[in-house]
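Input: a single structure, listed below in structure tokens.
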Amino acid sequence: MRIWSVANQKGGVGKTTTTVALAGLLAERGARVLLVDLDPHGSLTSYFGYNPETVEHSTFALFAEHMISAREQVQALLIPARDTGIQMLAASPALATVERRSLSGTGVRISKALALLWDDFDYALIDTPPVLGALMVNALAACEKLLIPVQTEFLALKGLERMLRTLEMLARSQQKALPYLIIPTLFDRRTHASVSSLRTLRNDYPERIWAGMIPVDTRFRDASRVGLLPSRLDAQSRGVEAYRSLLKILLSVDNAPAAMKSSTALR
Ligand SMILES: Nc1ncnc2c1ncn2[C@@H]1O[C@H](COP(=O)(O)OP(=O)(O)OP(=O)(O)O)[C@@H](O)[C@H]1O
Ligand SMILES: [Mg+2]
């Protein structure tokens, strides 16, 4: 199983949309996909028609006092993401209490749970809350690759700096650097703010940024309103096409020989 996390301390930058869009495209290719909702608001959970307030099983169980240690226990928490074939570990508001706890012992709960599902899925995609806390730390510790959606507007650039400083800190404390890719999102080529912040991003992070960008596309809102995978609502929309080319890059890095990996953006 390959585990990718989608994170940015800043809210509303397209984390959940990126998670859903990529999961849908992976599932279309025949991959067995698991979605993990680590956001106490449960946007991903709601996307597929569940109410986070009342959902029967949630990732909160993984942080309970009695640690889950058997594969069947984690499997019992899975719920289907509608009829997409994708399975999900849902979120509930109780997850917010995890943020307030001290990190000791709880930083690798998600890694451990996903290790138990290793043979059940090809990909796990983790959606995170816009908060640097225990939940994000869990997501970062569990994944082999981090995707950082960044909205192409000026305020977002500051948020990105903070996010990257945090990553450096974590890398030092865990003594492993996490490969990451910056994904420009909500790009609107008619606005000066979008065009010039994309230019700044490319200039400041030439090795870390995906060469493409995700355009503003109203089909994403339409898809979330009806709870459909974006690629199922409109397989040819500009936004879906953009995620398709992003996925191509992500997969080519996964499948490249080790020697090549060191020369890609996902170092
Ligand atoms: N490329 C896009 N074009 C148009 N709308 C988009 C795009 N990406 C996301 N959106 C919309 O913007 C809003 C915020 O997106 P999303 O929920 O994915 O962000 P988020 O980073 O997960 O937010 P939060 O930090 O609150 O979890 C949603 O209404 C979503 O439908
Ligand atoms: Mg979200």
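Counting convention: from 1, in listed order, for ligands and their atoms alike.
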(message) Please identify which of these residues, Arg2, Arg32, Arg29, meets the side chain to side chain donor-acceptor pair (under 3.5 Å) condition with Asp122.
(response) Arg32
(message) With a 6.0 Å cut-off on the ring centroids, do Tyr180 and Tyr205 count as close?
(response) no
(message) Which heavy atom of Ser197 sits nearest to which heavy atom of Leu157, and what is that distance?
(response) CB-CD1, 4.1 Å
(message) Any salt bridge linking Arg232 with Asp83? Criterion: basic side-chain nitrogen under 4.0 Å from a carboxylate oxygen.
(response) yes
(request) Quick one: list whatever passes salt bridge (charged side-chain N to carboxylate O under 4.0 Å, His left out) with Arg71, sequence neighbours left out. (result) Asp120
(request) Tell me whether Ser43 has at least one N, O or S atom under 2.8 Å from the Mg ion (ligand 2). (result) no
(request) State, to 0.1 Å, how close Met163 and Gln9 come at their nearest heavy-atom pair, and which atoms those are. (result) CA-OE1, 2.8 Å
(message) Please output the residues near ligand 1 using a strict heavy-atom distance under 4.0 Å, listed in chain and residue-number order.
(response) Gly11, Gly12, Val13, Gly14, Lys15, Thr16, Thr17, Asp39, Pro130, Leu186, Ile214, Pro215, Val216, Asp217, Phe220, Arg221
